[in-house]
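To start, the structure under review is shown below, and the notes come after it.
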Amino acid sequence: MLKKTILLSIFTLILSVPNTATAQTIDRRPIVERNNPHVERIDSLSPLTVGNGRFAVTVDATGLQTYPEYYSQGVPLGTFSEWAWHSFPNTNGYKPAEVLLNHDFHRGHDEFYSSEFRQKGRQRDASNYLRANPQRMHLGCLGFDFGSVPQLADVRQSLDMWTGKVTSDFTHGGFRYHVETVCHPESDLIAVRISRQPSPTAAKRETDDQLMALNLRFPYPTGQHSDDACDWTYNSQRQSIRIISNDGHADELEIRNDTNTYYSAIAWHPVGTAKAKDRHSAIYTLRLNGNELSVNMTDNAEVVYGFSPTKDGLRTVASTSFSDVERASAAYWKGYWTRGGIVDFSRVSDPRARELERRTVLSQYLLGVNDQQCYPPAETGLTYNSWFGKFHLEMIYWHQAWQALWGHPEALEHTLDWYFRAEPMAREIARRQGFKGVRWMKMTDPSAAEAPSNVGSYLIWQQPHVIYLAELLYRAALADKNCGQQKADEILKKYAPLVEETAEFMHDFAERDSISGRYILHGYIPAQETLKADSVRNSPFELSYWLTTMRMAQQWRTRQGLPEMKEWNELINNLSPLPSKDGVYLTSEGAPLIGHTAEQTDSPKGDDKFASDHPMPLGAFGMLPESYLFTKAGMDSTYNWIVKHWNWQKTWGWDYPMTAMCATRLGRPDDAVNALLMPVPKNTYLNNGHNWQSDRLRCYLPGNGGLLTAIALMTAGYDSSTTKNPGIPTSWDVRWEGILPLP
């Protein structure tokens with residue numbers, strides 16, 4: 001009977017979801033282009049980024065990276081690639097075993113967690129080193145030699161998201177500059193076209209034979225928690241840059257930072273001549289001084305430069321023209337926009353719809369240039385370093401779930417493959433804590449090593465992500481006529497081992513109460529990180545996520561023709577219900593209903609930890625479907641209580657999409673829109689589309705990804721939704737296509 005039900009649900013899914021290969025009825029280009037960002041002044045919070053999802057370069061108002069120091073406290077001018085990581089020499093021989101702490105959660109076995117130590121001594125030094133290393137490495141900045149203080153006039157800059165090109169016009173030093181900047185879609189390669197002419201309106205004009213000067217600067221890593229990763233102080237003992245080849249119009253360089261070596265190449269077109277015939281001829285002079293390569297050239301120039309972990313990776317730089325990269329970029333981005341999903345708010349008169357569309361389109365672009373890596377993305381992507389550039393596995397849901405829903409499942413699959421490389425480490429973590437299966441860490445790096453943390457090491461809500469995301473890939477394959485069941489079967493076979501091992505840990509982690517017979521969750525820090533591991537029991541989101549994904553894991557077995565795991569069904573059918581009090585679901589079993597009121601800004605009533613940070617009861621029915629663990633009436637009351645009493649000033653960028661998702665499933669579309677546009681600081685979306693959080697965290701891509709996931713639920717709906725656009729106000733005429741529903 002169960003197999004019959006599963007087949008019926010799959011058949012229903014195929015019939016109900018839009019097919020990404022169907023004819024498109026929405027003209028997508030105007031939607032994208034009317035949301036192109038424009039910059040008209042030097043603004044450290046409005047740089048623009050070009051990239052391909054695995055490599056990205058963020059530029060200032062000059063179209064290059066002329067003022068990295070000035071932008072360092074805003075949205076920094078990053079040059080990052082998925083492969084570029086650095087470690088400071090481990091001269092003291094610190095080892096991960098030195099920072100393990102045995103935490104007794106009364107489960108009858110040792111549980112060793114990678115921890116931060118605060119008291120002076122070797123353990124603190126070891127945890128600090130292991131937490132900071134490796135860190136993502138900034139590769140280099142190409143900019144004009146204009147000095148360190150921005151002095152531009154008449155700035156006119158725009159990003160054409162349809163082609164992936166930044167165009168910059170400005171006046172400096174008596175000249176009017178025009179700069180075009182594009183990124184190659186398949187290589188770590190940037191192409192720039194520069195032209196200038198004397199400005200008739202400039203107050204100051206240099207001599208006509210003055211050459212343009214460009215600097216390609218290579219920073220040494222800083223190793224700081226959150227910064228631009230640029231130490232511009234050159235020390236030949238720790239860093240070396242040398243020219244390893246030159247053919248007259250291209251140079252290749254080797255850059256060494258400690259034991260890390262990478263390569264860069266820069267080429268200019270047309271080929272330089274020894275003597276200028278006139279002011280518009282190309283004269284190129286080069287000078288390498290410490291960590292800076294200076295290039296002088298005349299008024300019209302094309303420059304192509306790039307980076308690679310190997311020397312052979314730069315062979316095409318000298319033979320690549322600006323036009324080559326420009327054409328490739330335009331073709332790539334056209335494919336990106338036409339292949340993926342789109343939402344059109346143009347028929348809605350409500351002014352809020354215009355802002356929602358802006359955020360939606362800019363988020364699609366920013367996640368396209370930052371979040372298609374072979375590793376799970378960092379919270380600031382390839383823009384700048386936060387948490388040392390490491391990535392947080394609990395955020396992969398918010399970064400990338402939308403990709404499977406919006407017609408880009410290949411990007412999600414590219415990232416999920418990292419889990420296979422991380423599996424041995426995840427198995428070892430589970431083993432040292434006395435559990436079966438694999439336990440996915442929170443804060444990690446390409447090696448899958450676990451960064452010491454007194455919070456991250458105890459989180460568990462990242463554990464089910466790989467099951468949920470693999471399920472989204474399976475559903476996306478079924479919905480596409482071009483691949484259909486064949487691709488779905490490939491996904492099933494490929495990810496089944498990860499699904500099985502992940503569920504094995506989840507079953508073992510849950511403990512059956514000898515009195516009630518219910519399975520309980522305890523001994524962890526929930527997604528609402530203000531709560532403590534020793535006191536948390538049965539937090540609502542984790543309970544719902546355990547149920548949803550254990551059901552999915554069981555379904556993956558039956559799809560393969562395997563029998564159901566009886567012990568899994570015991571867990572599935574006997575999980576503890578969401579804890580509640582006075583009709584409201586609590587943040588944890590036994591937690592008080594102590595809230596925050598609008599009149600209280602800094603001094604909420606009682607203990608603020610229970611009504612701040614992520615409002616996860618809403619995630620239990622928003623991110624996740626309805627279940628026997630709660631009632632819709634109870635969740636409706638909980639929604640009302642949280643909206644009124646939560647300290648929204650202490651929430652984060654993805655909390656507002658999560659709230660909108662709960663409102664959608666509760667049948668409250670007006671509240672869903674209000675949640676997405678909640679007027680709190682951390683729901684700010686800058687001119688360039690970045691979700692600003694704080695002076696330290698100036699961009700936050702989980703907020704952008706959360707927005708797109710919420711829009712998918714609000715438009716395409718979910719498996720049991722019965723209305724069109726369930727999260728969109730009935731008076732709004734919103735059109736969309738190419739988006740799939742959520743489970």
Side-chain angles (χ1 to χ4, degrees), residues 18 20-39 46-53 56-59 63 156-168 180-185 325-348 351-372 381 402-403 405-408 410-411 676 685-691 699 701 703-705 707-712 714-716 728 732-740:
T20 56
T22 57
Q24 296 175 355
T25 59
I26 297 176
D27 188 0
R28 292 154 177 251
R29 186 166 186 169
I31 299 173
V32 176
E33 290 185 337
R34 66 176 173 247
N35 291 288
N36 285 336
H38 301 275
V39 178
S46 292
L48 304 175
T49 303
V50 294
N52 55 33
V57 171
T58 301
V59 300
R156 298 290 184 272
Q157 185 182 51
S158 64
L159 165 63
D160 182 355
M161 294 186 289
W162 187 259
T163 63
K165 181 166 70 173
V166 172
T167 301
S168 311
E180 299 171 61
T181 312
V182 288
C183 177
H184 197 283
V325 182
E326 182 184 39
R327 284 192 296 269
S329 175
Y332 170 79
W333 283 104
K334 179 180 179 181
Y336 177 85
W337 291 112
T338 56
R339 184 177 67 254
I342 200 75
V343 178
D344 180 7
F345 289 91
S346 63
R347 299 184 180 185
V348 182
R352 296 178 299 169
R354 179 70 185 87
E355 174 61 12
L356 269 186
E357 183 182 273
R358 184 187 77 89
R359 295 184 181 192
T360 300
V361 175
L362 283 168
S363 294
Q364 287 173 270
Y365 178 81
L366 287 174
L367 294 165
V369 299
N370 282 281
D371 279 13
Q372 301 188 67
W402 74 275
Q403 291 172 338
L405 304 171
W406 286 70
H408 303 287
E410 72 288 342
L676 284 184
Y685 281 72
L686 302 173
N687 174 57
N688 53 21
H690 276 301
N691 180 204
C699 68
L701 294 173
N704 299 94
L707 171 70
L708 296 182
T709 305
I711 292 292
M714 294 164 68
T715 55
I728 301 296
W732 287 24
D733 182 7
V734 174
R735 298 188 303 155
W736 57 272
E737 60 189 17
I739 305 177
L740 302 180

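Not measured: the values here are computed from a predicted model.
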Glu355: partners by salt bridge (charged side-chain N to carboxylate O under 4.0 Å, His left out), with sequence neighbours left out
Arg358, Arg359
For Asp160, salt bridge (charged side-chain N to carboxylate O under 4.0 Å, His left out) partners two or more places apart
none
Using atom types as modelled and distance alone, determine if a side-chain donor or acceptor of [X] lies under 3.5 Å from a backbone N or O of [Y].
X	Y	result
Asn704	Gly689	yes
Gln364	Ile342	no
Glu737	Thr25	yes
Gln372	Gly368	yes
Arg735	Arg347	no
Gln403	Asp371	yes
Trp406	Leu708	yes
Ser329	Thr163	yes

Quick check on side-chain contact (heavy atoms from CB on, under 4.5 Å): which of Leu159, Asn35, Asn688 does Tyr365 satisfy it with?
Leu159
Establish, yes or no, whether a centroid distance under 6.0 Å links the rings of His408 and Tyr336.
yes
